[in-house]
Amino acid sequence: MDFELRRAREKLEKEQKERKERARLRLERDRKAKEEARKQREALEAVQRSRRLEAAEAQLKADEQMQENLIAGRGIVFSRVLEAVGFQGSGDKIKLPPSCFTELSDQGAFDKGPLYFQLSVVHHEAVSETNQKETHSGALEFTAEEGQVGLPPHVWSNLFPLDNTTSPATALVEVRYVWLPKGIYAKLQPDVVGFSDIPNHKAVLETSLRQHATLSEGDVITVNHGVLTYRLRVLELKPSSSVSVLETDVEVDIVGSDSPLDSSNQHVLKQLTFGVLESGMVEEGKYKYYKFSIDDLVWETVSSGDVRIEVKIDVETGDGDTDLYISKHPLIFPNRHRHEWSSHDMGSKVLILTSKDKNLGVGTYSIGVYGFKGTAKYKVLVSAQDNSTFKVGQQAGSTTSVSVNADTVECRNCKHFIPSRSIALHEAYCSRHNLVCQHPGCGVVLRVGEAKNHLHCDKCGEAFHKDEIDKHMKVFHEPLQCGCGAVLEKEQMVIHQTSVCPLRLITCRFCGDMVQAGISAMDTRDRLRGLSEHESHCGSRTAPCDSCGRSVMLKEMDIHQVAVHQKS
């Protein structure tokens, strides 16, 4: 009986203990569930709070951007992310899709004057965050495909400096409408030496900037002058780091290039000083260029006949030979096809410029030393020589002269006048030792030993030493081909490229730039004025008359002055 009671009590105690343990575990589970729920609730509240903060910050940033866009665009808000596509064009004006025209028009952007845009790279494989750039541009037209923006080479090269070609890789660009102040000052730096050698180089730069609407610090501008191309970096602008260059006068400073002088660059003019020798070396087929100036004081002595200008090239002994070409600016790089004076003598050579040369005057002159054969070392000298010891037409070696009088007789062999008392002795000696060239129009008296070296060109009849005839034939009678297709000899080629060739470079009388002459002007009146194809188009621009302020075409300005203001 006691055993059964004990077992019943133990069983009851065990059941009570199990109930307590289950109750404790249940309470523990409830506590953990409440704790987990509390943590989840707190985490959710934290996420919601963070999202509210992010939304507030995003809204604040959007408001700030909107305010910034309103300020930058003077009340116009326009921003698009478009795919960049290159096209061949000049200047900095871009092509936008028609939808951009509609959006800008609805906001009245066209009523506020010219359109300016800030362009910045959003995504491009060749551009990282460290070298990401931005630039500004104007609007050319609204004919691009939807979702694309057409960039000319100038804009493309400034946005993607490491990828100057229209790469097929995807390039996303943000185009944002902005307002830009008119520029008043710009400091530019060429990437190579030689830009300042261009005559009136600021006018050439002005012509190039006429195709631009904006300038931004850090941009690189490409300036073409004839066959030459120069790149100028924008160092400083005023009153802002980005300005408009439309309908404004910008003061421009051009600082020297910090790049070292490239010896392989032929198109660089080295300054020469009167009376100072300059040494140089030129390879076959290449040019070395120099320049010198004739100021008013020097020209006064030259025009009076007291002084002549001598340009002398002394070639060191060796197999090399040179040719010498000289031109007056604006032709700054004389060559075989275009020049005003030339010398093709073997070895050393001298060009004498006197007041009788109609092309000589005050100005700057270029000297081109051309490597005719081999590698030639030379010394070039420009000097002003006194004419008191020089007579035009005087031959080397003719230091004495015999006056013709009644007591002289003409030698039948050399045609010189000899005193009659010694004529018989002279003729006997002269006939044995001297020969007269029988070529028509020559009549030069030669020593018997020198006669075999005296030759005449079969084509032009000029007389040369036999060592010079090969060079003469190559220079003067070897056909040259012009870029326009004409094939002519040297002298005809010089005339052709000076006055006939449509590819010849001329200085436009309206913009001052060196441009191709092109064909004759289409307008009959322009042809009568002697205007080239470029000048006919360039002269169609208008400018206000200084006297009455009326807008007149540049090519009609002289007629306007005579007809309206009686100014001759």
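Side chains included, hydrogens not; waters and symmetry mates left out as well; all remaining heavy atoms used. Here the structure is a predicted model, which means the values were calculated and not measured. Counting begins at 1 with the first residue of the sequence.
- Distance check, rounded to the nearest 0.5 Å: NE2 of His329 to OG of Ser366 gives 2.5 Å.
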Show your working on side chain to side chain contact (heavy atoms under 4.5 Å, CB included) between His154 and Gln211 and close with a plain yes or no.
CA-CA 11 Å; His154 167 79; Gln211 301 172 339; over 6 Å; no
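- Distance check: Glu491 CD to Cys460 SG gives 7.5 Å after rounding to the nearest 0.5 Å.
- The aromatic rings of Phe292 and Tyr365 lie parallel to each other, with less than 30° between the two planes, well short of the 60° mark.
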For side-chain hydrogen bond (donor to acceptor under 3.5 Å, both in side chains), just list the numbers for Thr135 and Asp219, CA-CA rounded to whole Å, side-chain angles, deciding distance to a tenth of an Å, and then say yes or no.
CA-CA 7 Å; Thr135 187; Asp219 279 1; 2.7 Å; yes
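- When side chains are defined from C-beta on, Ile559 does not count as touching Val562, because their heavy atoms never get closer than 4.5 Å.
- In the displayed structure, Asp546 atom CG is contacted under 6.0 Å by at most 12 heavy atoms of other residues, nucleotides or ligands.
- Of all heavy-atom pairs spanning His565 and His560, the tightest one is NE2-NE2, 3.3 Å.
- The distance from the CG atom of Leu381 to the OG atom of Ser279 is 11.0 Å, given to the nearest 0.5 Å.
- Between the side chain of Lys349 and the backbone N or O of Gly347, at least one donor-acceptor pair lies under 3.5 Å.
- In this structure, Asp526 contributes its side chain and Ala521 its backbone to no donor-acceptor pair below 3.5 Å.
- Using modelled atom types, no side-chain atom of Thr248 and backbone atom of Val245 make a donor-acceptor pair closer than 3.5 Å.
- Residues Val382 and Val311 meet the side-chain proximity criterion, which asks for heavy atoms closer than 4.5 Å.
- Between Asn453 and Leu446 the shortest side-chain heavy-atom distance does not fall below 4.5 Å.
- The shortest side-chain heavy-atom distance between Pro153 and Gln88 falls under the 4.5 Å cut-off.
- With Trp341 as the partner, the side-chain contact (heavy atoms from CB on, under 4.5 Å) test is satisfied by one option alone out of Ile367, Ile326, Ile352: Ile326.
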Should His426 and His416 be marked as a ring-ring contact (aromatic ring centres under 6.0 Å, His included) after you check the CA-CA gap, both sets of side-chain angles, and the distance that decides it?
CA-CA 10 Å; His426 169 81; His416 286 181; 7.7 Å; no
Hey, mind stepping through Gln497 and Cys482 against side chain to side chain contact (heavy atoms under 4.5 Å, CB included) and telling me if it holds?
CA-CA 8 Å; Gln497 290 212 345; Cys482 180; 3.4 Å; yes
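- The backbone N or O of Val315 lies less than 3.5 Å from a partner atom in the side chain of Ser348, making a donor-acceptor pair.
- Proximity of a side-chain donor or acceptor of Arg308 to a complementary backbone N or O of Asp386 within less than 3.5 Å is detected.
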Does the pair Arg210 and Glu206 meet the rule for a side chain to side chain contact (heavy atoms under 4.5 Å, CB included), with working shown?
CA-CA 6 Å; Arg210 199 174 290 136; Glu206 179 184 351; 4.1 Å; yes
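- Annotation: His537, atom NE2; neighbour count of heavy atoms from other residues, nucleotides and ligands within 6.0 Å does not exceed 12.
- The distance from the CD atom of Gln566 to the OG atom of Ser547 is 10.5 Å, given to the nearest 0.5 Å.
- For Lys328 and Glu340, the salt-bridge test fails: no basic side-chain N is under 4.0 Å from an acidic carboxylate O.
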Where do Glu556 and Arg529 land on the salt bridge (Lys or Arg N to Asp or Glu O under 4.0 Å) test, with the steps shown first?
CA-CA 10 Å; Glu556 304 282 357; Arg529 295 190 188 102; 3.0 Å; yes
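- Closest approach of Cys430 and Asn413 over heavy atoms only: SG-ND2, 3.0 Å.
- Every residue meeting the ring pair (Phe, Tyr, Trp, His ring centres under 6.0 Å) condition with His477, not counting sequence neighbours, appears here in chain and number order: His472.
- Between Val268 and Phe333, the closest heavy-atom pair is N-CE2, 4.0 Å.
- Taking CG from Leu324 and CG from Leu351, the interatomic distance works out to 4.5 Å, rounded to the nearest 0.5 Å.
- Between His339 and His344, the ring planes are perpendicular. Angles over 60° get that label, and only those under 30° would be called parallel.
- Of the residues listed (Lys471, Lys288, Lys373), the one engaging Asp323 in a salt bridge (Lys or Arg N to Asp or Glu O under 4.0 Å) is Lys471, and it is the only one.
- At least one side-chain heavy atom of Cys545 sits less than 4.5 Å from a side-chain heavy atom of Gln561.
- Contact check for Ile309 versus Val298: side-chain heavy atoms found under the 4.5 Å cut-off.
- More than 12 heavy-atom neighbours from other residues, nucleotides or ligands sit within 6.0 angstrom of CE on Met553.
- The pair Glu236-Lys187 meets the salt-bridge criterion, since a charged nitrogen lies less than 4.0 angstrom from a carboxylate oxygen.
- Atom CD of Gln385 has more than 12 neighbouring heavy atoms from other residues, nucleotides or ligands inside a 6.0 Å radius.
- Between Thr222 and Thr229, the closest side-chain pair of non-hydrogen atoms falls below 4.5 Å.
- Enclosure of atom CZ in Arg525 is not indicated, since only 12 or fewer non-hydrogen atoms of other residues, nucleotides or ligands lie within 6.0 angstrom.
- In terms of heavy-atom proximity, Lys93 sits nearest to Ala213 at NZ-N, 4.1 Å.
- In this structure, Ser536 contributes its side chain and Glu533 its backbone to no donor-acceptor pair below 3.5 Å.
- Heavy atoms only, all atoms of each residue included: Glu217 and Leu237 are closest at OE2-N, 3.1 Å.
- Here CZ of Phe274 is found 8.0 Å from OG of Ser383. Values are rounded to the nearest 0.5 Å.
- Between His454 and His456, the ring planes lie perpendicular to each other; the angle is over 60°, past the 30° to 60° tilted range.
- Annotation for Cys484 and His496: closest pair SG-NE2, 3.3 Å, computed over non-hydrogen atoms.
- Residues Asn158 and Val220 form a side-chain contact, since some pair of their non-hydrogen atoms from C-beta on lies under 4.5 Å apart.
- No donor-acceptor distance shorter than 3.5 angstrom exists from the side chain of Asp321 to the backbone of Gly374, with no hydrogens or angles considered.
- Counting only distance, with no hydrogens or angles, the side chain of Arg233 and the backbone of Gly218 share a donor-acceptor pair below 3.5 Å.
- Sorted by first and then second residue, the salt bridge (charged side-chain N to carboxylate O under 4.0 Å, His left out) pairs with a member in residues 275-284 read Lys270-Glu278, Glu283-Lys286; sequence neighbours excluded.
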Kindly determine whether Leu360 and Ile294 satisfy side chain to side chain contact (heavy atoms under 4.5 Å, CB included), including the steps that lead there.
CA-CA 9 Å; Leu360 193 66; Ile294 298 179; 3.9 Å; yes
Are Glu535 and Lys555 close enough, and set up right, to give a salt bridge (Lys or Arg N to Asp or Glu O under 4.0 Å), and what steps lead you there?
CA-CA 8 Å; Glu535 289 175 326; Lys555 60 185 179 183; over 6 Å; no
